[in-house]
Enquirer: 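To start, I am sharing the structure in question, which I have written as structure tokens.
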Amino acid sequence: MNLREFTLRDKMGESNFKHAQKEFKNSIPKLVKRYLVKYGKSSIEEDIFIDQENTHWILNSFMSSIEIMKLPKEYKDSDWGEWFPFAFDMGGWHFCIDMSDNDYGGVYVNRWNDYSPEEQFLKIADNFEIFINGLKKEKEL
């Protein structure tokens, strides 16, 4: 028997981004939105990013709309700054976009549970495009 294939809906809508956008003066980058609409709450095979320090970062999954809407306010309320989280690593650390004027668009890892507030955000890519294009499958390394 052949089962039919379904058409998947977008993982997020503009209303999800509007809710998160309230926390920032700078706009959430369009490229980030485009990827989250397609890959929100999904895991991908191209999940390893190697930064300039040769540290391997594993993207476990992109975030869901609920997390996207909730976490930016939590960050701000915790005095961590303006960060737009978009994915998790294997241990639950967050991959984030810097939304401040300091390094708008830079990709950081929020190592929130293992580092002091001064050291918890670590830059791993200059922008989202570099991060996405740098993701590799394990067999490609």
Side-chain angles (χ1 to χ4, degrees), residues 2-141:
N2 288 334
L3 293 176
R4 69 182 278 197
E5 294 289 324
F6 293 103
T7 304
L8 295 175
R9 290 190 171 131
D10 290 344
K11 306 285 182 157
M12 293 184 202
E14 190 56 38
S15 63
N16 302 120
F17 297 111
K18 282 182 183 177
H19 185 81
Q21 183 63 59
K22 293 176 188 175
E23 301 300 321
F24 313 118
K25 64 180 175 187
N26 290 316
S27 296
I28 299 167
K30 290 179 183 177
L31 185 60
V32 175
K33 289 182 185 181
R34 190 176 95 203
Y35 270 77
L36 290 172
V37 164
K38 185 171 184 176
Y39 299 111
K41 204 173 182 177
S42 297
S43 295
I44 56 175
E45 289 187 22
E46 300 84 354
D47 61 357
I48 300 171
F49 180 80
I50 303 172
D51 68 16
Q52 292 182 347
E53 303 296 322
N54 204 33
T55 302
H56 290 56
W57 300 97
I58 299 175
L59 190 151
N60 186 51
S61 69
F62 288 96
M63 290 191 171
S64 70
S65 59
I66 292 170
E67 295 156 336
I68 296 280
M69 292 188 303
K70 179 179 92 166
L71 286 172
K73 182 172 180 4
E74 280 187 30
Y75 289 174
K76 222 175 197 181
D77 290 348
S78 297
D79 290 327
W80 292 351
E82 295 185 45
W83 301 96
F84 182 78
F86 64 89
F88 291 105
D89 78 352
M90 298 299 286
W93 288 351
H94 308 138
F95 293 95
C96 301
I97 302 294
D98 186 344
M99 295 297 292
S100 73
D101 289 334
N102 295 333
D103 191 23
Y104 174 68
V107 176
Y108 288 72
V109 174
N110 176 11
R111 307 171 299 170
W112 60 274
N113 58 348
D114 289 342
Y115 288 83
S116 67
E118 300 81 30
E119 298 176 325
Q120 80 183 59
F121 288 92
L122 178 69
K123 185 172 186 175
I124 62 170
D126 287 337
N127 58 51
F128 188 73
E129 185 175 357
I130 290 170
F131 178 80
I132 291 296
N133 288 335
L135 289 169
K136 306 247 184 271
K137 293 180 183 181
E138 186 173 356
K139 64 183 178 183
E140 296 175 338
L141 300 178

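When reading the values below, keep in mind they use all heavy atoms of this one structure, side chains included, and skip hydrogens, waters and symmetry mates.
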Enquirer: With rounding to the nearest 0.5 angstrom, report the CD to CZ distance, E23 to F84.
Expert: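 E23 atom CD to F84 atom CZ measures 11.5 Å (nearest 0.5 Å).
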Enquirer: What's the separation between atom CE in M90 and atom CH2 in W57, rounded to the nearest 0.5 Å?
Expert: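 That separation rounds to 14.0 Å.
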Enquirer: Measure the shortest side-chain to side-chain distance between V107 and I130 over non-hydrogen atoms and say whether it is less than 4.5 angstrom.
Expert: no
Enquirer: Is there a donor-acceptor pair under 3.5 Å between the side chain of S100 and the backbone N or O of N102?
Expert: yes
Enquirer: Kindly compute the distance separating CG (L135) from CG (N133), expressed to the nearest 0.5 Å.
Expert: 8.5 Å
Enquirer: Donor-acceptor pair, D10 side chain versus V37 backbone, under 3.5 Å?
Expert: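 Pair absent, no side-chain N/O of D10 close to backbone of V37.
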Enquirer: Got a sec, which residues hit side-chain contact (heavy atoms from CB on, under 4.5 Å) with L3, two or more places apart in sequence or on another chain?
Expert: M1
Enquirer: I68 vs L36, test: side chain to side chain contact (heavy atoms under 4.5 Å, CB included). Steps then yes/no.
Expert: CA-CA 9 Å; I68 296 280; L36 290 172; 3.7 Å; yes
Enquirer: Only counting residues at least two apart or in another chain, list the ones meeting ring pair (Phe, Tyr, Trp, His ring centres under 6.0 Å) with Y35.
Expert: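 If we apply the ring pair (Phe, Tyr, Trp, His ring centres under 6.0 Å) test to Y35, skipping adjacent residues, the hits are Y39, F128.
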Enquirer: What are the two closest non-hydrogen atoms of K11 and S42, and how far apart are they?
Expert: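 Shortest heavy-atom separation between K11 and S42 comes out as NZ-OG, 3.5 Å.
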Enquirer: Check whether more than 12 heavy atoms from other residues, nucleotides or ligands sit under 6.0 Å from atom CD of E14, and answer yes or no.
Expert: yes
Enquirer: Just to verify, which of W80, F121, W83 counts as forming a ring-ring contact (aromatic ring centres under 6.0 Å, His included) with Y108?
Expert: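 Running ring-ring contact (aromatic ring centres under 6.0 Å, His included) over W80, F121, W83 with Y108 returns exactly one hit, W83.
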Enquirer: Report yes if the side chains of T55 and I124 come closer than 4.5 Å at any heavy-atom pair, otherwise no.
Expert: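 The answer is no, as the side chains (C-beta and beyond) never meet within the 4.5 Å cut-off.
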Enquirer: Could you work out, with side-chain contact (heavy atoms from CB on, under 4.5 Å) as the rule, every residue matching S43, not counting sequence neighbours?
Expert: S61
Enquirer: I'd like to know if the side chain of E67 reaches the main chain of S64, judged simply by a donor and an acceptor atom lying under 3.5 Å from each other, with no hydrogens or angles considered.
Expert: yes
Enquirer: How long is the straight-line distance from CD of Q52 back to CD1 of I50, given to the nearest 0.5 Å?
Expert: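 If we round to the nearest 0.5 Å, I50:CD1 and Q52:CD are 12.5 Å apart.
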Enquirer: Would you give the length of the straight line joining atom CD of Q120 to atom OH of Y115, rounded to the nearest 0.5 angstrom?
Expert: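 The OH atom of Y115 is 11.5 Å from CD of Q120, to the nearest 0.5 Å.
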Enquirer: If we ignore angles and hydrogens, is there a donor and acceptor under 3.5 Å between the side chains of H94 and Y75?
Expert: yes
Enquirer: Using a cut-off of 6.0 Å, state whether more than 12 heavy atoms not belonging to L31 lie near its atom CG.
Expert: yes
Enquirer: When rounded to the nearest 0.5 angstrom, what is the spacing between CG in L71 and CE in M63?
Expert: 5.0 Å
Enquirer: Should we say atom CH2 of W112 is surrounded by more than 12 heavy atoms from elsewhere, each under 6.0 Å from it?
Expert: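 It does not: W112 CH2 has 12 such atoms or fewer within range.
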Enquirer: Is the side chain of Q21 donor-acceptor paired with the backbone N or O of I28 at a distance under 3.5 Å, no angle test?
Expert: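 Answer holds: yes.
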Enquirer: Please check: side-chain N/O of N16 versus main-chain N/O of G13, any donor-acceptor pairing under 3.5 Å?
Expert: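 Yes, N16 side chain to G13 backbone: donor-acceptor pair under 3.5 Å.
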Enquirer: Any pair with a residue in residues 38-60 that passes salt bridge (Lys or Arg N to Asp or Glu O under 4.0 Å), sequence neighbours left out, goes on the list, sorted by first then second residue, please.
Expert: E45-K137
Enquirer: Give me each pair satisfying salt bridge (Lys or Arg N to Asp or Glu O under 4.0 Å) with a member in residues 77-106, each pair once, sequence neighbours excluded.
Expert: K25-D101, K73-D77, D103-K123
Enquirer: Could you work out, with ring pair (Phe, Tyr, Trp, His ring centres under 6.0 Å) as the rule, every residue matching F131, not counting sequence neighbours?
Expert: F49, F86, F95
Enquirer: Looking at F88 versus W93, is the centre-to-centre ring distance below 6.0 Å?
Expert: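 No, they do not, as the ring centres are separated by 6.0 Å or more.
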